[in-house]
Structure formats: structure tokens, C-alpha cells
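Everything below concerns the one structure shown next.
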Amino acid sequence: MRRLPALFPNHKATVFPLKTSHPLAARRCKEVGSHWKAALFRLLESCDMDEARRLFTRIPSPSVQLYTMMIVGYSRTNRIDEAFRLFDGMPVRDTAAWNSMIKAALDCGDVSLGRKLFDEMPERNVISWTTMINGLSRFGWIDAAEELFFRMPQRDTAAWNAMISAYCDNGRVKDARLLFEKTPQPNVISWTAMIGGHDQNGESDKALLLFHKLWSSGTKLTPSTYACVLTACANASELGLGTQLHSHTVRTGYSSDTFVSTSLVNLYAKCKQIEDSIQLFSERKERDVVSWTALITGYGLNDKHEDALDEFNKMIASGIRPNQSTFTSALNSCCGLEALDGGKKLHATTVKLGLELDVFVGNSLVVMYSKCGDVEDGLMLFDSMDRRNLVSWNSIIVGCAQNGYATLALKLFDDMRQINVQPDEITYTGLLTACSHSRMLERGRHIFHLLKHDSSVQVKLEHYVCMVDILGRCGNLEEAEEFIRNMPVEPNSKIWLALLGACRMHANIEVARRASKKVFDMEPDNSAAYVLLSNIYASAGRWNDVSQTRVMMRYRGITKVPGSSWITLKETRHEFVCGDRSHPMAMEIYKKLDWLGVKLKELGYVCDKTFALHDVDDEQKEAALAHHSEKLAIAFGLISTVEGSTIRVMKNLRVCGDCHSAIKVISQVVGRRIVLRDATRFHHFRDGLCSCGDCW
DNA sequence: ATAGGGTTAG
């Protein structure tokens, strides 16, 4: 039998026999100290603060350095109070300890404590100043940061870099540039900060110009620089340069760096080379949240929303915790699929992970609910948010506008201005859309007036389109034309198309001729314009002009986009085209339609045949109106969902007029709410009425 | 391995 070795064979010999006066004592103590230090470091590394504290209390008279390590550990785990208690009880403090405590305060969100410590500390060094500048900048206190920078007694390159980044992070790229040009000895970090700063402020092309300068200077690049530049390539869609840099990173061995690799996944995804993204992601050694989110976003950008959600589930299954950004992307893909059920599941998951209070998650949920036709839940969510930003307000205003809640959209606008949230272009587009969908002429004029006099917002073409739409829908066709003539910018085809749409509503052939000619000049392949023009002629009984339009279409090789409608149930999309019999439940669907036909007749509903006879739409000619895609999808919804529940159907084109009337009656017959999202807006059918008030 | 500057997704 063998004796087990003693656990601490040299225990007695090492620790105690030397007196402190012995020349070896100092060295021994240092060794003992480094022993404590190594053990403490291991615990701090694994963020086990309770265990670290237990160890720390056993250390006889810990050094300033050990105290400081503990403070940093508490700060990393967000335990600012404990950090401060420890700092407060320190027998002596050096500048590093003060600096660590300042950083701890700033990192944990207590700026005033950070500022107080900074003002009180006996000796500040360049690191103290730089830490404060960085902290103040993160809270948006850029003026305070600037003041410190110009007051500090000496500045090294790190200090200049901190101020450059502070300007960039607060949107002041011009000031960053001025400072960069004054920096005595800029290094690769200064350049990287400038490149990243320009890119993040929407100036990716300038970022790339800076990179060319850096490149030609022959400076050795770091992985951070590559990560920044590759992101700028992604945002500027510079696939060529990006690919070249990719090969450089392979040669320098940087391509396996986690930041660089994520930037590459992002680059190829944004440049619509999703296969390359997938390949690069699969080659990664470690898959973290960020790279996985980049891939999920990439699928979404490439219209592969099912794959995006699959990838999201794979990520969860592999034990990686999604964060707010992951949810933003996944929820966006739910919008792409109009998958309300999937979106609700994600909502539940955000609650489980404690992320539902995050403002980005909240915004994404508001958009998801309203884009999936459930604006009521979108509103509920918006009301429950405890923090809101401009995007939150825009999301709910646009959501209301698209769903026909114009008055509510305008009320929300008043609310946001009440609490001094400055609207932007998107806010105004939402409001104008709301007015146009509800034919609110005077409110629309008022909003446009506010927009024109809002110095912090630029009037964009889309605003003019909305205004033409409002004027046109309300029957002021001549005024709309006059409005277009007086626009300070060149009108585009969308403007004329809006006018043409109005001509159809108000059967105005003269204006329609002029408007359609403009559209055909600018966009000869726009099939919607031909269909509109043909319908305008048809409604006036001008059959020669109708057939002439059709000939012109055929001659120019223009084919109409086929109409299709779909419904998403249990995350499966069921899509129908007119007269479709390919669905496994086709028999039941047509039986339901026949039954509905009988019921509709009993209620005296007469089908409006003009939509069948005069439309250029081939699908409408081929099959009876009763078998339009939207009706098929609704019939399928009726037989596949619980009695009384809301049915949500989407259509790629505008809903046909006959279907619109029929669906109103159907909602009454079956006692259900039917939400139909067509190419331009949502229709909420209920008790025989539609939320659009029949003007769409 | 006591303290400061640039890096990836949204």
C-alpha cells in the first residue's frame, strides 16, 4: 500500500520560520502575496464575487493592488455599493485605486459619484482625466467631456483618442476630424477611431477614404482596424474592397479573430452573398451572440426569414442566450413572414429572459404587432413601455397610420410633442399617411405646414408623395397637379403614380392621361400604372382606350404581378392565387366559399361585376370573382381556426373592390374580425364594416 | 494579473 503524498508537503517549512527581519522575508512575503493574488484572480476571472470576498477577508492586510482588483471585480458585476464600501475602508489609496473607483462608478451608471471622486482625489494623472472624459461621453455629456479635455494639464495620444471617440459617439464627426488633425502623434488607434466614427455616423464612404490614407501610409493594421473597415465596406456595399481585405485578413492570420470574423459574416450578408456568410459562420471556432445575431440579421436582409427564425432556434438550442439585438432581428423576420404567432412566442421569450423592458426590444415588438395586423396589442405594448425614444413614437404612429387609426396617430403626435420629443422625417411620413388613409385634408395640410417649418427636419420626396395622395384622394386633382408643378424638387414616378391612383378614385381621365404619361416616361415597366389607366378607361366605358392600353402593355412585354394572398397559421404560410386548387384542403375551402356565397345572397349582396370585366388583371378575367385569392385565404382561415377568433390575411396587391365589399358582409355573417393587409394598408373588417371607411 | 484610447450584430 502506498502512502498518499501530503497535500501541502512544504507547508510548515515555507510559511512561518523566517522572522520579518530576515533578508529573505521580504521575498517570501511577496511570494505569499502572489499566491493570494493568483487565487483571487481566478475567482475574479470567473466573476465569483462572493467567493472572492470570502478569500479577500482571509488575507492579512491586503495590498492596495488586491483592494483595487476587488473593486474592479465588483464593478464588472455591477455591485457599485460594495465596490465603494471597500474603497471607503481602504487604509491607503494610490492613484490607480482612485482611477479604478472612478471607472467603477461610471461603468455602473453613477456619473455624479464618478465626478465627485474625480474632484476630490488628491493627485490626478492623465489616466484619471481620460477615464472621466470617456465616462462623461458615454452619458452624452459631451460638453463636460470637452471641457475636461481642454483643461487637462498634459495629454498623451490615448487622451486625444478618447476625445476623438467621444465626439464621434455623440455625432460630432466634424469636431472629431478637427481634433484628429491636431493630434500630435496619431497612432493606429486614432485612425481606427476616425474610421469607425465616420462609419457609425452614416459616412461610410468617408471612412473608406480615411482607410485608403492609412493604408498608403504603410501603418501596420490591427484586427480592430480590419473589423471597422470591413463594417464600413458592408455599409457602403463595397463588396470588392471587402473581399480584398478578407484575403488580407487570411494572410495576416486575423480572419479567425472573433471581431474580424463577425465583420466578415456581416459584410457578405449585407452585400447579399448570404451563402458566403453562412460558410464563414460555420468555419468559426466559437459562435457567440454577436456573430449569431449577424447571421440571423443576414438571413433577414436576404429575405430568408424562415431560415432566420430557424437559426434563432438553433442558437437557443445550443445554449447561447439571445440579447436585445438578437430579438430585434428575429422579430423583424416575424414581420417579414407576418408570423404573429411566432412573434408572440418571441415576446414570451423576451419576458422570460427579462428583456421585455429594453427599449429596442419594445420598439421591435410594437412594430411586429402592428405589421402583423394586431395594432391593439402594439398599442398595449407601447403604453406599457417605461422608457420610449423617438423610434418608439415613430413605430406606434406609423403602426396606427397603416392600420387606419388616423385620429389616434395624430393624438400620439401631440403627446410626443408635449414631452418635447423632436419628430423626424419618419414621424411626418407616418402622420401624412394617416391623413391620406382617412381622407383628412385639413389635418394633412396642417401637418405638411408643420413639416415645412420644422427646421430640424428635411422635406423629402416621400412627404410630397403623401401630400399629393391626400389632395388626390380628397378629390382636389387640379390642386394636386398644381402642387406637383410647384414642388422645389424634381417629381419622381411615385408622385405621378399617386396622382394616377387618385384619378381612378375620381374617374378623371384628363389628369390620368398626363399623369400616366409621366409615369411611363420615367418607369416604362411599371405594370401598376398600366392597370390603373386601363381601369380608369374601363370605368368610363372607353373600351377602345382599354384595349389600346392592353396592347401597349403586351407590346412592351409588361406582365402584371400575379395577385396572391396568404395566411400564416402555426408558423406555416398558406398561399393562394386566384382559382387555386393546389391546397390539400381545396375541397373544404371551396365548400366553404359556396356556403358563403349562399349566405351573401340571402343578405342581398350583389357582386360588382365591373371588377371582373374591366380589369387588365388576367387572374380576374380567368376565374369568377368568388375565387379571388383573398377569398380563398379567408375561407381557409375560417375552417382552420377557432370560432370567433380574428383572421389575418395578407395580399401582395391592393384588395379588389368586389372582395372588399364581400369581406365586409362575410365578417358579419361569420361574426369574426377579419384583418386584411394589402399592398398599401390594413383593412379591419368587423360587423359588416371596414376600418378604411371604404376609401383606400 | 490594480487604472485610460480604437474592434463585431442591432
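Reminder, nothing fancy here: chain letters follow the sequence lines and each chain counts from 1.
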Between A:E45 and A:R42, does any NZ, NE, NH1 or NH2 come within less than 4.0 Å of an OD or OE carboxylate oxygen? no

Shortest non-hydrogen pair, A:V265 vs A:S291, comes out as CG1-O, 4.5 Å

What is the minimum heavy-atom distance between A:S333 and A:G300, and which atoms define it? OG-CA, 4.0 Å

When all nucleic acid strands are considered with a 4.0 Å heavy-atom cut-off, which category describes [X]: base, sugar-phosphate, or nothing?
{"X": "A:T157", "answer": "base"}
{"X": "A:F360", "answer": "nothing"}
{"X": "A:A193", "answer": "sugar-phosphate"}
{"X": "A:D257", "answer": "nothing"}
{"X": "A:T258", "answer": "base"}
{"X": "A:N187", "answer": "base"}

Taking ring pair (Phe, Tyr, Trp, His ring centres under 6.0 Å) as the cut-off, I'd like each qualifying pair that reaches into [range], sequence neighbours left out, listed once.
{"range": "residues 103-149 of chain A", "answer": "A:F118-A:W129, A:F149-A:W160"}
{"range": "residues 40-63 of chain A", "answer": "A:F56-A:Y67"}
{"range": "residues 319-350 of chain A", "answer": "A:F312-A:F327, A:H347-A:Y369"}

Where at least one partner belongs to [range], residue pairs that pass salt bridge (charged side-chain N to carboxylate O under 4.0 Å, His left out), sequence neighbours excluded:
{"range": "residues 128-147 of chain A", "result": "A:D107-A:R138, A:D143-A:R172, A:E146-A:R172, A:E147-A:R151"}
{"range": "residues 330-348 of chain A", "result": "A:E338-A:R677, A:K345-A:E571"}
{"range": "residues 286-307 of chain A", "result": "A:R284-A:D288"}
{"range": "residues 204-225 of chain A", "result": "A:E203-A:K206"}

Spacing of the P atoms in B:dG5 and B:dA1 (rounded, Å): 15 Å

Which atom pairs, one a donor and one an acceptor, fall under 3.5 Å between side chains of residues 80-90 of chain A and the rest of the protein, sequence neighbours left out?
from, atom 1, to, atom 2, distance (Å)
A:E82, OE1, A:R79, NE, 3.0
A:E82, OE2, A:R79, NH2, 2.9

For a quick check under 3.5 Å, do A:N187 and A:S190 share a side-chain donor-acceptor pair by atom type? yes

May I ask you to list the residues of [range], by number, that have any heavy atom positioned under 4.0 Å from an atom of DNA chain B?
{"range": "residues 217-245 of chain A", "answer": "A:T222, A:S224, A:T225, A:C228, A:T231"}
{"range": "residues 77-94 of chain A", "answer": "A:D94"}
{"range": "residues 260-286 of chain A", "answer": "A:T262, A:S263, A:N266, A:K270"}

Students often mix this up, so state it plainly: with edges at 30° and 60°, are the rings of A:F180 and A:W191 parallel, tilted or perpendicular? perpendicular

What is the first contacted nucleotide of DNA chain B and what is the last, in 5' to 3' order, if contact means an atom lying under 4.0 angstrom from a heavy atom of chain A? B:dA1 to B:dG10

